[in-house]
Number of protein chains: 2
Amino acid sequence: MDGTQGRIAARRLASPARREQILEAAIAYFAEVGFGGTTRDLARRAGVTQALLYRYFSSKADLTEAVFERIYLGRLDPRWIEEIRDRSVPLRARLLRFYGAYTGAIFTYEWMRIFMWAGLAGDALNNRYLSRVADSLLAPIAAEIGAEPGLTPPAMEDMWNLHGGIVYIGIRRFIYRLPTPDDCTPAIEAATDRFLAGCRAT
Amino acid sequence: MDGTQGRIAARRLASPARREQILEAAIAYFAEVGFGGTTRDLARRAGVTQALLYRYFSSKADLTEAVFERIYLGRLDPRWIEEIRDRSVPLRARLLRFYGAYTGAIFTYEWMRIFMWAGLAGDALNNRYLSRVADSLLAPIAAEIGAEPGLTPPAMEDMWNLHGGIVYIGIRRFIYRLPTPDDCTPAIEAATDRFLAGCRAT
DNA sequence: CACTCTGTTGATCAATTGATCAACAAGCGA
DNA sequence: TCGCTTGTTGATCAATTGATCAACAGAGTG
């Protein structure tokens, strides 16, 4: 209830809890201002002293690395690909289910912005993540489309087009701060239907 | 032919030429490292002294502002919208012509990255630019599609989907540094055809 | 209460960085 | 060649910033 920013933290915390608190604050802070942000500002927002950061992280680089790991780790749910291949469910429903889950996982302020900051900075994890998206998600989806009677399997560039058109909603919302629909399900449905219709027409 | 970086500049240059040279170097430099880059690094790459920057720009903020203006100014060609409305040309050809010209204008290392850096930093020009894209380009395109017999006019969210899917090619190439086709014309054609087919099906 | 462990802090250092300024020097007209 | 204008530089300042460390303080134990 104090009017000042930060300094909300308890006076004394168990080591793992404090580390977790700092890490969470770092994710929120770096998402907002990028990795050029200062350790002093971060500490203020975490409600601790700047010196304390160095008890839990050996350097700023060490801290940002922890932010990366936390952000990337477990972001790609292995069940997604299983569900994509589950042919007991109609193809359209599988696509909608996947992109519902995928956007549900990545359409957050922290994820979208940290991913973009990292991409611009040339982070290697970023590049590797997207390669995995291509190999483990887009390629299997293309294969499933190709397995459907009457549908031509789309090229990877077409898959990227589907993917990019959907992800761009999050870019507009969290990076460009443009108004977007609260619920992006209808947009995903429309994009998916257009895409499937295109695979049929060829 | 000196092995060192930078210091290519002539010893003495006319004032406007030097300013132009610094501005060009700033665009290339900030595109690469973002606006957190230092004036010393920039000066080194421009081949001048750090102090000289302040003869042509009153502050770093003044310099970055000049970079913005140069980048944004004249990037939206007013002829594009005229050509979009030119109904003597088939609709599909108009769409392809527009996105050929549009991607030809923005798919550069400098533009894509500075635009993204600025977007993350919350630059106002960025937001305004995209609003103009929506009002002056996407909305008229939607209207032209709606004017075509047998086609339903797409909602703005659909237009953003078309747009985002195409722009995402540039994001992959210049921000994520992923491999993309040298010529993105086929991808644009495929995306456009899918989109128009979708407008027909409804 | 005294003791110990450890989470936390304020002070501080060295390097970086935006910005300034007096001094230098290249071109050019008289 | 002299002298003026102006493009250019090296030195330097003040503020910021990542990182360190001795000292402080809260909590549990005997």
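Residue numbers start from 1 in every chain, and the chains themselves are labelled A, B, ... in the order their sequence lines are given, proteins ahead of strands.
Residues forming a ring pair (Phe, Tyr, Trp, His ring centres under 6.0 Å) with B:Phe115 (at least two apart in sequence, or on another chain): A:Tyr176, B:Trp111, B:Tyr129. Residues passing the salt bridge (charged side-chain N to carboxylate O under 4.0 Å, His left out) test with A:Arg173, sequence neighbours excluded: none. Annotation: salt bridge (charged side-chain N to carboxylate O under 4.0 Å, His left out) contacts of B:Asp77 (sequence neighbours excluded): B:Arg79. For the salt bridge (charged side-chain N to carboxylate O under 4.0 Å, His left out) test, residues two or more places apart in sequence or in another chain that qualify with A:Glu189 are A:Arg92. By the ring pair (Phe, Tyr, Trp, His ring centres under 6.0 Å) test, A:Tyr168 pairs with no residue at all, sequence neighbours left out. Residues passing the side-chain contact (heavy atoms from CB on, under 4.5 Å) test with B:Phe98, sequence neighbours excluded: B:Trp80, B:Ile84, B:Tyr102, B:Leu137, B:Ile141. Scanning for side-chain contact (heavy atoms from CB on, under 4.5 Å) contacts around A:Ala142 gives A:Pro154, A:Met159, with sequence neighbours left out. Residues passing the side-chain contact (heavy atoms from CB on, under 4.5 Å) test with B:Asp86, sequence neighbours excluded: B:Ser88, B:Val89, B:Arg97.
Taking atom CG of residue A:Leu52 and atom C1' of nucleotide D:dA23, one finds them 15 Å apart after rounding to whole Å. Atom NZ in B:Lys60 sits roughly 9 Å away from atom C1' in C:dT17 (whole-Å rounding). Remark: C1' of C:dG18 and CG of B:Leu63 are 12 Å apart, rounded to the nearest angstrom. Between A:Glu65 atom CD and D:dG18 atom C1' the separation is 17 Å, expressed in whole Å. Between the CZ atom of A:Arg18 and the C1' atom of D:dA27 there is a distance of 15 Å, rounded to whole Å. In this structure, B:Glu20 atom CD and D:dG7 atom C1' are separated by 17 Å, rounded to whole Å. Regarding B:Asp62, its CG atom lies at a distance of 14 Å from the P atom of C:dG18, rounded to whole Å. For the pair B:Gln50 CD and C:dA19 P, the interatomic distance rounds to 9 Å; values are reported in whole Å.
Between the side chain of A:Ser136 and the backbone N or O of A:Val133 there is no donor-acceptor pair closer than 3.5 Å.
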If a protein heavy atom is under 4.0 Å from the base, mark B; if only from the sugar-phosphate, S; if neither, -; do that for nucleotides 21-30 of chain C going 5' to 3'.
B----B----
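The shortest distance between side-chain heavy atoms of B:Val33 and B:Trp117 does not fall below 4.5 Å.
When the nucleotides C:dG7, D:dT8, C:dG18 are ranked by their closest atom to the side chain of A:Arg55, C:dG7 comes out on top.
Applying the side-chain hydrogen bond (donor to acceptor under 3.5 Å, both in side chains) test to every pair with at least one member in residues 155-165 of chain A, sequence neighbours left out, gives these pairs: A:Tyr99-A:His163, A:Glu157-B:Arg172, A:Asp158-B:Arg194.
Proximity of B:Tyr56 to the phosphate of D:dT8: a side-chain N or O atom is located under 4.0 Å from OP1 or OP2. For the OP1/OP2 pair of C:dA19 and a distance below 4.0 Å, the side-chain nitrogens and oxygens of B:Tyr54 include at least one atom meeting the criterion.
Across residues 30-42 of chain A, A:Gly37, A:Thr38, A:Thr39, A:Arg40 each have a non-hydrogen atom less than 4.0 Å from an atom of DNA chain D (numbered order).
Note that the two end axes of the helix from C:dC1-D:dG30 to C:dA30-D:dT1 enclose an angle of 10°, each drawn from 5 base pairs, rounded to 10 degrees.
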